[in-house]
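Following: one structure in structure tokens, then a few remarks.
Indexing begins at 1, ligand by ligand and atom by atom, following the structure's order. These numbers were taken from a predicted model, which means no experiment stands behind them.
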Amino acid sequence: MTDTLDDLAVEGTTVGVRVDINSPIGDDGTLADDARLRAHVDTLSELLDRGGRVAVLAHQGRPGGDDFVSLESHADRLSELLGQPVDYVDVTFSGAAREIVDDLDDGDCVVLENTRFYSEEYMEFEPERAARTHLVEGLAPVLDAYVNDAFAAAHRSQPSLVGFPTVLPGYAGRVMESELDVLGSIEETPEPRVYVLGGAKVTDSIDVAWSVLEKGLADHVLTAGVVGNVFLIADGVDLGDASSDFIYDQGYWDEIDRAADLLDAYGEQVALPRDVAVERDGERHEIGVNALPPKNDEAAMDIGSSTLAYYERLLEDAGTVILNGPAGVFEEDAFARGTRQLYEAATDVETSIVGGGDTASALRRLGVEGFSHVSTGGGAALRMLTAEPLPAVTALENGPSQRQPADD
Ligand SMILES: Nc1ncnc2c1ncn2[C@@H]1O[C@H](COP(=O)(O)OP(=O)(O)OP(=O)(O)O)[C@@H](O)[C@H]1O
Ligand SMILES: O=C(O)[C@H](O)COP(=O)(O)O
């Protein structure tokens, strides 16, 4: 069990708070969506209201990407969301950063620079080694405690996630606590349990499928999106060149063999699309799998109506549904139907859990709501849904035993 904010004596304590505010960035290089910032408001406000001195740590993007930008606009938006000044500092662990953190007063909040501007933060380490990186060795001396609220990054073994709790008392923030609560007790959710695997992360989805079927966690796995297309090809369906080339170009061709092996081992529990939707004459056109390949070699962009009816029947009997990834190219109106209808059907299941940051924002855009839990995490949620440990959570659990008394 990890300690939470209930176990931390916050007043007068300087706390390094790792959040995940890795967000879409606009053409002007600033924040384009604040959903992930909103998620952390409860944790940050609680720490500030209880008299904490808060230094926010976070990453944005990956080196080389267009979204690999500074956290200045994130700090501006956090200031609006928290209703108090939030300073931004363009360094993370230098002498200047230490001085600013050391000078914080009770209730002050500062956002330090993008942790990934420092090369070690984009590497994975064992916690003890991560504790000896420049970031952790530089900053830890001016911190009294570490709070990890970055559930969405908890599958990474990077210094800001596993190094700090190895040298400082570590606590789960409110986002982390609620994610661990819900996703950590997957085995206790009502059965039958159905996993819906869509989207474009084929390797991750096949890993999840193997794992949940092997562990007996899933009664059925429903496939959709690019994942469904890979399974169709693995099942011997000729999807045509457009879809096949797409899968090849995305580097997923070898996954077809893994999907075929999975079908050999667990075929009866894995549901495949019965029809797909393509674009023909500028409109959505559905084709049954027996009539494939498409005559004009159009790409399969969504699951069709027969598949939806079939999947809805399987969901009617489910006690729990766990969904990750859209059923089609939801960004285009004509191909959003599969995602909207399938996810809407899932809201009727007793326990419905959605993993995947992109999926969550797709659902917001499509106006689908009513799930038991929408996770802030993509990869992290997937990993937890297979009942695998997350390095950042393990580091919190194993951290220094020294704990401070809670506030009175
Ligand atoms: N049939 C399809 N052909 C091509 N692209 C597709 C198809 N179905 C879904 N997609 C694409 O998959 C993408 C989303 O998949 P992804 O796996 O990244 O979702 P996610 O799991 O919610 O993401 P994350 O885990 O990062 O939060 C969308 O951009 C969508 O257009
Ligand atoms: O957006 C995410 O999934 C997390 O912030 C982790 O980001 P990463 O995949 O770049 O490590």
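- Taking the side-chain hydrogen bond (donor to acceptor under 3.5 Å, both in side chains) definition, one finds that Glu113 meets it with Tyr88, sequence neighbours left out.
- Annotation: atom 1 (O) of ligand 2 to nearest protein heavy atom, Arg36 NH1, 2.9 Å.
- Distances between N or O atoms of Gly198 and those of ligand 1 include no value under 3.5 Å.
- When non-hydrogen atoms are compared, ligand 1 lies under 4.0 Å from the side chain of Glu331 (C-beta onward) but not from its backbone.
- Nearest protein heavy-atom neighbour of atom 22 (O) of ligand 1: Thr359 OG1, 2.2 Å.
- Nearest to atom 23 (O) of ligand 1 among the protein's heavy atoms is Lys201 NZ, 3.1 Å.
- The single protein non-hydrogen atom nearest to atom 4 (C) of ligand 2 is Asp20 OD2, 3.2 Å, given as residue, atom name and distance.
- One N or O on the side chain of Arg98 and one on the backbone of Phe93 form a donor-acceptor pair closer than 3.5 Å.
- For atom 10 (O) of ligand 2, the nearest protein heavy atom (residue, atom name, distance) is Arg62 NE, 2.8 Å.
- Residue contacts with ligand 2 include Ala152, since one of its heavy atoms falls under 4.0 Å from the ligand.
- Using a 4.0 Å cut-off between charged side-chain N and carboxylate O, Glu255 and Arg258 make a salt bridge.
- In the candidate list Gly228, Gly328, Gly225, Gly328 is nearest to atom 10 (N) of ligand 1, counting heavy atoms.
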